[in-house]
> 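Take a look at the following structure, please.
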Amino acid sequence: MKDSFGRTIDYLRVSVTDRCNLRCIYCMPEGCDKVSMAQILTYEEIERICRIAASAGISKIKVTGGEPLVRLGCCHLIRSLKSIEGVKEVTLTTNGQILGRFLDELKDAGIDGINISLDSLKPERYSRLTGGGSLGKTLEAIDLARASGIRTKINSVLLSGVNEDEILSLAGFAFRTGLLLRFIELMPIGIADSSLGISNEKVLKLLLEKWPDLEADSTPWGNGPAVYYRRPGIRGGIGLISAIHGKFCAGCNRIRLTSQGQIKPCLCYEEGFDLKPYLRESDAELEAALKKAILMKPLEHCFPEEGFGSGEHRLMSQIGG
Ligand code: SAM
Ligand code: SF4
């Protein structure tokens, strides 16, 4: 369906948990509050909302979190989302730590793509940045995902004074592996301070100095706002998701469902629409509530270029990134 600014909304990001097996320094502080399982939507409820969303025009679903794979039965949910009429694509975003053990099941469930987060190629730094993660496990999962034939992309968030010196090595990783790697500008959500973020303008300048043959590629490689760059005859490529310095709100096609049943029409604002009370109502009433939530979608985000200051104070892991 269209929102009140005429944008087609066809993409739903579904958070299945606020829990995670990592603690990335910009996403989840040590000891942060967890939502009790009683408040988290059941898979049956998620499935029902997605079925109704599909009848309202959602055709692409991304399963996320927290870390979606830490919730038992995540692959089963993906299988059932794939069977919903009107849903053309179901994908997953993961930190890759335990992905290896689920790949066969995910493939069998019909998953259309996996995004794996990778912010550093240095083992010790990776561990520090992620609060104890193993780089080896994520790299192994990336290799296995590539070998499985599932469409695989890499997501990297750059932080000033932390991993900014790895722009070229992360890009080199994309060319070496033949994968698309997207640099996502840090957004000031929860504990993230966007003055620590690196603008993609700076990233592109550096990439062009190193690889002058990089060319913008207009092929739509995904559902999102990434602008892609590739090198003639070379596999892999770089995507730039410039959430802060390249406002792409005019083309935004997405809404989010938090693990507690709130529809978030825009990442930047805390306001959302609680669907939980409507889960007791008929499908028609639930659909009407969902449509009302879509119509609440604001024209654009309010992220400042520097510092904190978004309206959203919850952690990214609590919203669903
Ligand atoms: N745990 C999974 C993962 O790390 O891929 C899925 C959830 S995570 C919240 C989804 C993506 O959001 C990750 O690529 C992460 O780096 C990114 N992310 C988290 N906080 C962010 C922020 N403040 N700004 C930009 N991206 C962020
Ligand atoms: Fe966990 Fe993903 Fe947040 Fe890192 S970015 S703490 S892996 S939810």
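Starting from 1, each residue takes its place in the sequence as its number. Whatever order the structure lists them in is the order used to number ligands and atoms, beginning at 1.
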> Side-chain contact test, heavy atoms from C-beta onward, threshold under 4.5 Å: evaluate it for L139 versus F173 and give yes or no.
yes
> Does any N or O of ligand 1 fall below 3.5 Å from an N or O anywhere on M187, backbone included?
yes
> With heavy-atom distances below 4.0 Å as the criterion, list the atoms of ligand 1 near V157.
16 (O), 26 (N)
> Would you sort out whether T138 and Y126 count as a side chain to side chain contact (heavy atoms under 4.5 Å, CB included), showing the intermediate values?
CA-CA 10 Å; T138 291; Y126 180 92; 3.0 Å; yes
> Counting only nitrogen or oxygen atoms and a 3.5 angstrom limit, does S117 reach ligand 1?
yes
> Between ligand 1 and N115, is the shortest N or O to N or O distance under 3.5 Å?
no
> Is there a heavy atom in S156 that sits closer than 4.0 Å to ligand 1?
no
> Report the protein N/O/S neighbours of atom 1 (Fe) of ligand 2 that fall below 2.8 Å; do not count waters.
C20 SG
> N/O of G66 under 3.5 Å from N/O of ligand 1, yes or no?
yes
> Within a distance under 4.0 Å of any heavy atom of E67, pick out the atoms of ligand 1 and give their elements.
1 (N), 2 (C)
> Please confirm whether T94 comes within less than 3.5 Å of ligand 1 when only nitrogen or oxygen atoms on both sides are compared.
yes
> Please work out which of I189, L196, T93 has its closest non-hydrogen atom nearest to atom 10 (C) of ligand 1.
T93
